[in-house]
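Written out below as structure tokens is the structure these notes cover.
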Amino acid sequence: MFEFSSIEQYHSQLQEGRCTCLQVVEHYLQKIKENAHLNAFIKVYADEAREKASLLDKQRDSNIKTGKLAGVIISIKDVIAYKDHPLTSSSKILEGFESLYSATAVDRLLAEDAILIGSTNCDEFGMGSANEHSVYGPVKNYLDITRTPGGSSGGSAVSVQAGLSMVSLGSDTGGSVRQPADHCGIIGLKPGYGRISRYGLIAYASSFDQIGIFSKTIKDAALILEIIAGPDDYDSTVSTQQVPAYTNELNRTSNEKYKIAYLPQALDHPSLDIEIGNSIKDLLLHLEKDNHQVKAVNFDLLDFAVPTYYVLTTAEASSNLSRYDGIKYGISNHENVELTDFYKSNRSAGFGSEVKRRIMLGTFVLSTGYYDAYFTKAQQIRNLFRDQLNLVFNDFDFIIIPTVPKTASLSGNSNLDPISVYLADIYTVIANLTGIPAISLPLFTHTNTLPFGVQIMANRLNELPLLRFSNQLLIKYNADF
Ligand code: GLN
């Protein structure tokens, strides 16, 4: 019986002849089948995965060099393009659409011989926090199927949580990698804006969107990041700064002492579950005892994070999603001949209720007369967030805050009270508003038996120290909480 603990350990099993890629692919296909009720996958690429695995086994037998991700089983969120494969953003409007090209991130995984096992379920166009706004139905949390796995990358999170893939790619516009990672008890990394090309990532809110990584170990996240990060001729927003050799750097033992800020407004926020708050305060005490410098920093912008995020992202979404009109993409109702009716009927039939709500909100905040009051104002506040965080990072290496105010909620609540769902994004949206990297680490278990994480944020393009510190934290404190 195959057991996965890390890519490194899997590769040594292959090397020592204790398993073959094909056996491992069969193992994952079987697990996906057994866990079909979780609804994590939209499409499983079984035959292709078997073919690729057999090829890799042959190459290994003939001592032909294979890539750094040889045989690594990866799932990808249904917002990331894979040539000649369906791509729908979990939306009816893209029903039947197949991508004509692959995302740069996908091409880079394939170039290192990864096996893409399938596409994962998510909230429609990445809009949601419980994976309940999907045309394919909700995804269930493997630890408790009456609860949500979080969202919007719920299928990706569950595929790693339940052992249906080794790692997964998701996307994070306001927390969609870190929040489900928190709810599923795994690692969720959102690299900083400009670290990974978004070429081939379906746009939700372009100045926020980032591809992120789900994994069970920091080293695995580091390896995937190393492979997919870096300049890309197809995306001018990617930083030209050299991508560090994350995995080599992680191999060096690290006992560095860091300067760590925490935000009292975040830890004493009325929406935060007391036990989550206390666990994070406890972690801060441990860090202080271990000679890290830990200090409180005043952050009075916190309550503006969610409104600013929702004004700007809905505005960007209303513009990005205007391309889905039934002419070039997806479903198209030809009964109406008049052009405006044609658009209306396609968009009315194709988008789900949450996406419609956001398009309307976004159109409103961009409309004449309201533009300055909402959109311009939100942009100004976004700048204040950047300025304040720059000041914090002048003096500190990291900021520690919760990932999510509460553990995974019971299924079926997403539509009841959208505002309270939005408010739960309070801790994750800060990193997207400011473009910094952030990670959720699965350090804690609540007395209600559910897992929850802690979120570490670092300065722009400081993924390397972030990964090193995360490794330290998981090794040192995993047993303590
Ligand atoms: N919950 C956030 C939203 O609905 C997260 C979205 C995301 O990161 N894709 O906008």
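FYI, the numbering just counts along the sequence from 1. Counting convention: from 1, in listed order, for ligands and their atoms alike.
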Met127, any N or O under 3.5 Å of ligand 1 N or O: no

Which segment of Arg358 sits under 4.0 Å of ligand 1 when only heavy atoms are counted: side chain

Side-chain donor-acceptor contact under 3.5 Å, Arg178 with Asn432: yes

Numbered atoms of ligand 1 (with element) below 4.0 Å of Thr173, judged on heavy atoms: 7 (C), 8 (O), 9 (N)

Side-chain donor-acceptor pair present, Asp209, Thr173, cut-off under 3.5 Å: yes

Distance-only donor-acceptor check, side chains Lys77 and Ser156, under 3.5 Å: no

Heavy-atom nearest option to atom 8 (O) of ligand 1, drawn from Gly174, Gly128, Ser414: Gly174

Side-chain (Glu132) to main-chain (Gly137) donor-acceptor, under 3.5 angstrom: no

Mode of Asp425 contact toward ligand 1 - side chain, backbone, both, neither (heavy atoms, under 4.0 Å): side chain

Contact partition for Ser152 relative to ligand 1, non-hydrogen atoms under 4.0 Å: side chain

Phe208 near ligand 1 by a heavy-atom separation under 4.0 Å: no

Per-residue contact class, Tyr204 against ligand 1 - non-hydrogen pairs under 4.0 Å: side chain

Nearest-contact summary for atom 7 (C) of ligand 1 - protein heavy atom, Å: Ser176 OG, 2.4 Å

Short side-chain donor-acceptor distance under 3.5 Å, Asp78 and Ser119: no

Min heavy-atom dist Tyr309 to ligand 1 below 4.0 Å: yes

Between Tyr204 and Arg358, a side-chain donor and acceptor under 3.5 Å: yes

Thr313 to ligand 1, any heavy atom closer than 4.0 Å: no

Over 12 foreign heavy atoms within 6.0 Å of OH, Tyr374: no

Element-labelled atoms of ligand 1 that are located less than 4.0 Å from some non-hydrogen atom of Tyr310: 1 (N), 2 (C), 3 (C), 4 (O), 10 (O)

Asp220 and Ser215 side chains, donor-acceptor separation under 3.5 Å: no

Numbered atoms and elements of ligand 1 in range of Asp172, under 4.0 angstrom, heavy atoms: 8 (O)

Derivation of the salt bridge (Lys or Arg N to Asp or Glu O under 4.0 Å) call for Lys281 and Asp268: CA-CA 10 Å; Lys281 287 177 189 162; Asp268 297 322; 3.0 Å; yes

For Ser129, the ligand 1 atoms whose distance to one of its heavy atoms is below 4.0 Å: 1 (N)

